[in-house]
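In listed order, ligands and their atoms are each counted from 1. What you see below is based on every heavy atom in this structure, not just the backbone, and it leaves out hydrogens, waters and symmetry mates.
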Amino acid sequence: MERFTAVRTERMRLLGLDPADPASGKVFMDMSARLFGAPVLAVICTDKALSSYLDIGLLVQTICLAAQHFGVDSIIASQLVSQPDILRPALEITENLNIVTGIGLGYAKPNSLINTYRSTRRPIEEVVRYKD
Ligand SMILES: Cc1cc2nc3c(=O)[nH]c(=O)nc-3n(C[C@H](O)[C@H](O)[C@H](O)COP(=O)(O)O)c2cc1C
């Protein structure tokens, strides 16, 4: 949550929005819900009879990497599938499938401010432990 808040704050500031202002928060939420204009949405589902979220994670990342190979950028966004009651009938997603996440895809505008944002990374020592 700390990282989520930090990244949100940094992105909002970059766009000239005040993270503490509810009206600015709504503007940002709207931009984010529209995935900053990505024109294509891939909805990733998994059969309810299968339980491996590891497999689906691999697939999601592979889609993003393959897209990038073809010059298409992506954003993994659960927000896009946060309303399954609307999504399911609209896309005819059957009940045997769980909706896992969405991936927004599109050609990034290089001069768009939001696309200049780079999140920081936690130090490697914080996330990796070496044992002799
Ligand atoms: C499973 C998952 C769900 C995510 N959902 C959202 C989302 O709903 N909205 C959003 O703006 N970013 C979301 N993100 C984060 C973006 O995809 C993020 O920009 C991307 O993971 C690149 O991360 P980076 O900032 O570490 O480079 C999600 C990431 C993951 C892995």
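- Heavy atoms only, all atoms of each residue included: Leu41 and Gly102 are closest at CD1-CA, 3.9 Å.
- Residues that satisfy the side chain to side chain donor-acceptor pair (under 3.5 Å) test with Arg8, not counting sequence neighbours, are absent from this structure.
- For Tyr117, the side chain to side chain donor-acceptor pair (under 3.5 Å) criterion is met by Glu10, not counting sequence neighbours.
- The side chain to side chain donor-acceptor pair (under 3.5 Å) check on Ser74 picks up nothing, with sequence neighbours excluded.
- At most 12 non-hydrogen atoms from other residues, nucleotides or ligands lie less than 6.0 angstrom from NZ of Lys26.
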At less than 3.5 Å, what protein N or O atoms come close to the N or O atoms of ligand 1? Include the distances to 0.1 Å.
{"from": "ligand 1", "atom 1": "5 (N)", "to": "Ser78", "atom 2": "N", "distance (Å)": "3.0"}
{"from": "ligand 1", "atom 1": "8 (O)", "to": "Ser78", "atom 2": "N", "distance (Å)": "3.2"}
{"from": "ligand 1", "atom 1": "8 (O)", "to": "Gln79", "atom 2": "N", "distance (Å)": "2.8"}
{"from": "ligand 1", "atom 1": "14 (N)", "to": "Ile76", "atom 2": "O", "distance (Å)": "3.0"}
{"from": "ligand 1", "atom 1": "17 (O)", "to": "Ile76", "atom 2": "N", "distance (Å)": "3.3"}
{"from": "ligand 1", "atom 1": "17 (O)", "to": "Ile76", "atom 2": "O", "distance (Å)": "2.6"}
{"from": "ligand 1", "atom 1": "25 (O)", "to": "Ser119", "atom 2": "OG", "distance (Å)": "2.7"}
{"from": "ligand 1", "atom 1": "26 (O)", "to": "Ser119", "atom 2": "OG", "distance (Å)": "3.3"}
{"from": "ligand 1", "atom 1": "26 (O)", "to": "Arg121", "atom 2": "NH1", "distance (Å)": "3.0"}
{"from": "ligand 1", "atom 1": "26 (O)", "to": "Arg121", "atom 2": "NH2", "distance (Å)": "3.4"}
{"from": "ligand 1", "atom 1": "27 (O)", "to": "Arg121", "atom 2": "NH2", "distance (Å)": "3.1"}

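- Heavy atoms only, all atoms of each residue included: Arg121 and Arg3 are closest at NH1-NH2, 4.2 Å.
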